2 protein chains.
Amino acid sequence: MDSTRDRILQAAFEEFYRNGFQGGSLSHIAEKSGATKGALFHYFKNKAELGYAIVEEVIQPSGNERWIDPVKKTSDPVEAIKATFRRNIREDVKNIEMIEHGCPLNNLAQEMSPLDEGFRMRIERSYERWREAIADALERGKQRGQVKKGVGTKEVAALIVACQMGIWGTMRNTKDAELMIQSGEALCSYLDSLKP
Amino acid sequence: MDSTRDRILQAAFEEFYRNGFQGGSLSHIAEKSGATKGALFHYFKNKAELGYAIVEEVIQPSGNERWIDPVKKTSDPVEAIKATFRRNIREDVKNIEMIEHGCPLNNLAQEMSPLDEGFRMRIERSYERWREAIADALERGKQRGQVKKGVGTKEVAALIVACQMGIWGTMRNTKDAELMIQSGEALCSYLDSLKP
DNA sequence: TTGACACCATACCGGCCAGTCGGTATCTTC
DNA sequence: GAAGATACCGACTGGCCGGTATGGTGTCAA
């Protein structure tokens, strides 16, 4: 589908990704999408609603695919999490946009969570689902003897998600691919330490 | 000292901390500091320079005191890092401002690094100094037999700093003190795994 | 044929913002 | 005590922004 609504959504995602939500301009979005402000306000009742739609329709599906699904489907959680981080780091290190602007969900979280409850709720729901998926996978791994008995799966899941936010956030101002790979490998060593 | 310049700096820190740099208003800052726009532009040649001054004169000294000095002075790095995290988590969990708005340096980093090279440089320098301090301390600990031989001190330092960014960033949109304590404890377990 | 409605275009508005500028008061220096 | 520098003051400006009002056009049901 290449409907007007979709084009606006895509242009808005890029505008906000590059300039932040507050810094992004609806006029620019209309222009870039080839539509007009009339069209924009026809589909989204204000700037915030457009932002919410981006979280739910653009960012969340991509996040699920990149981060959550691979963990949900696995039969070996530690290896799956390691592989997911390694793969996503490898991909993003090659992606100049990602190096410059980091993780779109994290960006919105940092900028808008304290200012707008609608954003906070939606973003928090995304991260919570991710934490749950990791904790569940680790719990299953525990029962299979792939994860140490003493490991607090909820705590570890919280830390792993925090690590992702931190690693991607760091890249945003170091612009240093090497550092990202290093911290990724350190995280993998940590994950190995969870094995029996 | 309670000079006009200091009052402006303090008011600006709070305004930007609460509303972000782009969202913060110079008029509000002038008003809140009891000065005027004339005074503000007398001391800072534009909004960006005011932001830079905040990084260097307000945020960095506090960050050194809270995070870097305790690690530099220690004779047991792993325990010092654990204690620093525990203490800062304990402090910030009780601080409603911190829960709502997270780490001031991280906020500025996420918002401004991709948009303004002056911010990026200054912020990156802060984080780099911190990573160095941790890596040095771990290296010293290694020679004293307090840290495993196989540990990559640079990699671990990068991960630890990323964890701080992630944990404080998470708190900002969960507003959940328990989660912060949990991830902090998971980090402490990880740090213990670095011991021989 | 007509009315209703989704879809979009365009001109426009009030408000806020960063930054300017002419002016004044006080303090330093010679 | 003249002259300059420093420390402010506050009205003002031009520009951009989010949002609106209004009207046009194509489609489809009655």
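What you see is a predicted model; the values in this text were computed from it and never measured.
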Point to revise | Among B:I8, B:N46, B:T4, the one residue meeting side chain to side chain contact (heavy atoms under 4.5 Å, CB included) with B:L40 | key: B:I8
[N], OP1 or OP2 - any side-chain N/O from [X] closer than 4.0 Å?
X	N	value
A:H28	D:dC17	yes
A:T4	C:dC8	yes
B:H42	D:dA7	yes
A:K47	D:dG18	yes
A:T36	C:dT10	no

Check your understanding: When you check the gap from the basic side-chain N to the acidic O, do B:K195 and B:E79 get nearer than 4.0 Å?
Key -> yes
Between [atom2] on [N] and [atom1] on [X], what's the gap in Å once rounded to a whole number?
X	N	atom1	atom2	answer
A:F44	D:dG18	CZ	P	15 Å
A:R7	C:dA9	CZ	C1'	14 Å
A:F41	D:dC17	CZ	P	12 Å
A:K45	C:dC8	NZ	P	20 Å
B:E31	D:dG10	CD	P	12 Å
B:R5	D:dA7	CZ	C1'	13 Å
B:K37	C:dG23	NZ	C1'	18 Å
B:I29	C:dC16	CD1	P	17 Å

Review point. Run the salt bridge (charged side-chain N to carboxylate O under 4.0 Å, His left out) check on B:E91 and B:R66 step by step: do they pass?
Key: CA-CA 11 Å; B:E91 277 177 26; B:R66 274 167 60 92; 3.1 Å; yes
**Study point:** Proximity to the side chain of A:A39 - top-ranked nucleotide from D:dC17, D:dG19, C:dC8
**Key:** C:dC8
Point to revise | Aromatic contact, A:Y52 with A:F44 (centres under 6.0 Å) | key: no
Study note, to complete from the structure: Ranking A:S27 and B:A35 by the position along DNA chain D of their nearest nucleotide, the one closer to 5' is B:A35
Check your understanding: When we call it a touch if two heavy atoms are under 4.0 Å apart, what does A:G23 touch: a base, just sugar-phosphate, or nothing?
Key -> nothing
Point to revise | Closest non-hydrogen atom pair, A:C103 against A:Y17 | key: C-CE1, 4.5 Å
